[in-house]
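Taking it in order: structure first as structure tokens, then the write-up.
What you see is a predicted model, and the numbers here were worked out from it, not measured in a lab. Below, chain A is the first sequence line, B the second, and so on; all start at residue 1.
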Protein chains: 2
Amino acid sequence: MVTYIFVTNRLHIRMRRDVFQAIADPVRRDIIGLLANQELTVNSVAENFDISRPAVSNHIKILSECGIVVIHKKGRERYCQIQPQNLLPVAEWIEQYRKLWEEKLDSFESYLMKLQTKNKNDE
Amino acid sequence: MVTYIFVTNRLHIRMRRDVFQAIADPVRRDIIGLLANQELTVNSVAENFDISRPAVSNHIKILSECGIVVIHKKGRERYCQIQPQNLLPVAEWIEQYRKLWEEKLDSFESYLMKLQTKNKNDE
DNA sequence: TATATACGTAACCATTTGATTACACAAATA
DNA sequence: TATTTGTGTAATCAAATGGTTACGTATATA
């Protein structure tokens with residue numbers, strides 16, 4: 001069986017920010033991880049990192065520009081909420097390849113099985 | 001029946017390149033897409049892009065540095081083969097959030113259901 | 001043996017990225 | 001009203017990124 005994989009990226013609507021690029025930065029992945037458990041203000045997020053608050057603020061901006069984070073104002077505070085469903089493009093992209101590597105592992109497994117049988121016959 | 005699972009990333013083969021960063025570039029994602037269907041030489045890969053051959057060569061190098069692509073020499077040609085299982089760290093990372101957004105969608109769905117029932121009662 | 005081919009790599013360059021500090025401003029508080 | 005707090009943004013900078021051309025080198029071919 002052959003699995004054909006189409007280059008879906010070409011079909012995508014141009015976003016201001018690319019979600020693949022957004023999650024490329026480890027700090028931004030950590031921010032996503034933090035927000036998975038709870039909504040946090042920008043300052044609360046920043047407290048978890050060694051970099052400056054404006055640096056964190058900019059990371060959050062990038063995440064919000066590709067929809068992974070939405071911000072709602074509450075007084076002078078801004079609460080960051082994760083929108084995990086906007087990671088879907090990445091999940092879909094990866095999913096094609098999961099099929100591919102599972103096929104690979106299956107065929108490797110059956111290769112090992114054959115090898116075992118062969119060795120048994122050789123004994 | 002034995003299932004062999006290779007979590008190569010966990011075996012602490014220190015990778016120079018981060019796989020998240022590797023797939024951040026659209027050209028590299030396209031290269032992965034090309035190689036999913038077939039093994040290709042460096043030049044054959046390069047033919048599919050508008051950028052120069054050395055530029056493609058460098059992208060392939062980056063992909064090979066994080067294990068997504070392996071290269072085997074055959075005469076003067078170098079065949080690039082995809083190792084999709086090395087995308088697993090990304091798949092695992094995404095998977096946590098899939099659970100999160102499915103919960104979100106579920107609760108939204110049940111919210112809609114309640115709304116529908118309510119509207120029916122209001123009629 | 002001379003030439004063509006398939007690369008990798010070095011030198012270079014423009015742009016992007018990710019950080020900093022300084023500042024502006026609205027909202028809360030004293 | 002004066003001050004503190006939470007935040008965005010501008011100016012600036014070093015490093016990383018991604019492209020180019022030029023070149024070296026091993027392998028195939030004439």
Side-chain angles (χ1 to χ4, degrees), chain A residues 7 9-10 12 14-35 38-82 90, chain B residues 14-35 38-82 90:
Chain A
V7 184
N9 193 46
R10 296 259 172 85
H12 280 174
R14 193 133 160 74
M15 286 200 271
R16 264 195 292 171
R17 292 279 178 170
D18 180 25
V19 66
F20 284 91
Q21 200 244 333
I23 64 165
D25 188 282
V27 172
R28 287 195 288 267
R29 289 201 300 280
D30 286 347
I31 291 174
I32 293 171
L34 271 172
L35 296 177
Q38 56 198 319
E39 288 191 25
L40 289 172
T41 65
V42 175
N43 271 357
S44 317
V45 172
E47 279 167 17
N48 291 276
F49 298 92
D50 288 335
I51 58 178
S52 69
R53 183 198 52 78
V56 171
S57 180
N58 194 49
H59 282 304
I60 291 172
K61 190 185 178 190
I62 288 167
L63 289 172
S64 75
E65 280 173 351
C66 64
I68 298 176
V69 160
V70 290
I71 296 167
H72 25 271
K73 229 174 152 177
K74 202 169 188 175
R76 63 187 166 187
E77 291 174 319
R78 271 140 205 264
Y79 280 85
C80 305
Q81 184 186 41
I82 195 177
V90 181
Chain B
R14 194 112 157 91
M15 292 205 249
R16 268 188 291 171
R17 295 276 181 173
D18 178 27
V19 66
F20 284 91
Q21 201 243 333
I23 63 166
D25 188 281
V27 172
R28 287 197 287 269
R29 289 200 300 279
D30 285 348
I31 291 175
I32 292 171
L34 272 171
L35 296 177
Q38 57 198 317
E39 287 190 27
L40 289 172
T41 64
V42 175
N43 271 356
S44 317
V45 172
E47 280 166 17
N48 291 275
F49 298 91
D50 290 334
I51 57 177
S52 70
R53 182 197 53 78
V56 171
S57 181
N58 194 49
H59 281 305
I60 290 171
K61 191 185 178 191
I62 289 167
L63 289 172
S64 76
E65 279 172 352
C66 63
I68 298 176
V69 160
V70 290
I71 296 166
H72 26 271
K73 227 173 151 177
K74 202 168 188 178
R76 63 186 166 186
E77 290 173 319
R78 271 143 204 264
Y79 282 85
C80 305
Q81 186 186 40
I82 195 178
V90 181

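Closest to the side chain of B:V27, from the set C:dC7, D:dG19, C:dT21, is D:dG19. Proximity note for B:T41 (side chain, C-beta onward) versus D:dT21, C:dC7, D:dG6: the nearest is C:dC7. Among the nucleotides D:dG19, C:dC7, C:dG18, the one closest to any side-chain atom of B:E77 is C:dC7. Counting only heavy atoms from C-beta on, A:P54 has its side chain closest to C:dT21 among C:dT21, D:dG6, D:dT20. Closest to the side chain of B:V42, out of D:dG18, C:dC7, D:dG8, is C:dC7. Nearest to the side chain of A:I62, among C:dG18, D:dA22, C:dA6, sits C:dG18. If you check D:dG8, C:dA19, C:dC7 against the side chain of A:S57, the one that comes closest is D:dG8.
Using five terminal pairs a side, the axes of the helix from C:dT1-D:dA30 to C:dA30-D:dT1 at its two ends make an angle of 10°, given in steps of 10 degrees.
When rounded to the nearest whole Å, the span between CD1 of B:I51 and P of D:dT21 equals 12 Å. A straight line from OH of A:Y79 to C1' of D:dT5 spans 13 Å, rounded to a whole angstrom. Taking atom NZ of residue B:K61 and atom P of nucleotide D:dG18, one finds them 14 Å apart after rounding to whole Å. When the P atom of C:dA19 is taken as reference, atom CG of A:D50 falls 11 Å away, rounded to whole Å. Atoms NE2 (A:H59) and P (C:dT20) sit 9 Å apart, rounded to a whole Å. Note: CZ (B:R78) to C1' (C:dT5) measures 14 Å, nearest angstrom. As a whole-Å value, the separation of A:I23 CD1 from C:dT17 P is 15 Å. Look at CD1 on B:I31: it is 13 Å from C1' on D:dG19, rounded to the nearest Å.
The closest side-chain heavy-atom distance from B:C80 to B:I60 is below 4.5 Å. Counting heavy atoms from C-beta on, the side chains of B:I23 and B:I68 come closer than 4.5 Å. Taking the side chain as every heavy atom from C-beta outward, A:D25 and B:F20 never approach each other to under 4.5 Å.
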(request) Run the numbers on A:V19 and A:Q21 for side chain to side chain contact (heavy atoms under 4.5 Å, CB included), then give the verdict. (result) CA-CA 5 Å; A:V19 66; A:Q21 200 244 333; over 6 Å; no
(request) Could you give me the CA-CA distance, side-chain angles and deciding distance for A:D30 and A:N48, then say whether side chain to side chain contact (heavy atoms under 4.5 Å, CB included) is met? (result) CA-CA 9 Å; A:D30 286 347; A:N48 291 276; over 6 Å; no
(message) Under the criterion side chain to side chain contact (heavy atoms under 4.5 Å, CB included), I'd like the reasoning laid out for B:I62 against B:N58: C-alpha separation, chi angles, the key distance, then a yes or no.
(response) CA-CA 6 Å; B:I62 289 167; B:N58 194 49; 4.0 Å; yes
(message) B:V27 vs B:F49, test: side chain to side chain contact (heavy atoms under 4.5 Å, CB included). Steps then yes/no.
(response) CA-CA 8 Å; B:V27 172; B:F49 298 91; 3.9 Å; yes
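The phosphate of C:dT17 has OP1 or OP2 within less than 4.0 Å of a side-chain N or O from A:Q21. Dashed line: the shortest gap from a side-chain N or O of A:S52 to OP1 or OP2 of C:dT20 is under 4.0 Å.
B:R28 contributes a side-chain N or O that, together with a main-chain N or O of B:A22, makes up a donor-acceptor pair within less than 3.5 Å. A donor-acceptor contact shorter than 3.5 Å is absent between the side chain of A:R78 and the backbone of A:V42.
For B:R53, there are no salt bridge (charged side-chain N to carboxylate O under 4.0 Å, His left out) partners at least two apart in sequence or on another chain.
Using a 4.0 Å heavy-atom distance criterion, A:N58 is classed as making no nucleic acid contact.
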Under 3.5 Å between N/O atoms: give me all the protein pairs with nucleotides 23-30 of chain D, atom names plus distance.
from   : atom 1 : to    : atom 2 : distance (Å)
D:dT27 : O2     : B:R76 : NH1    : 3.3

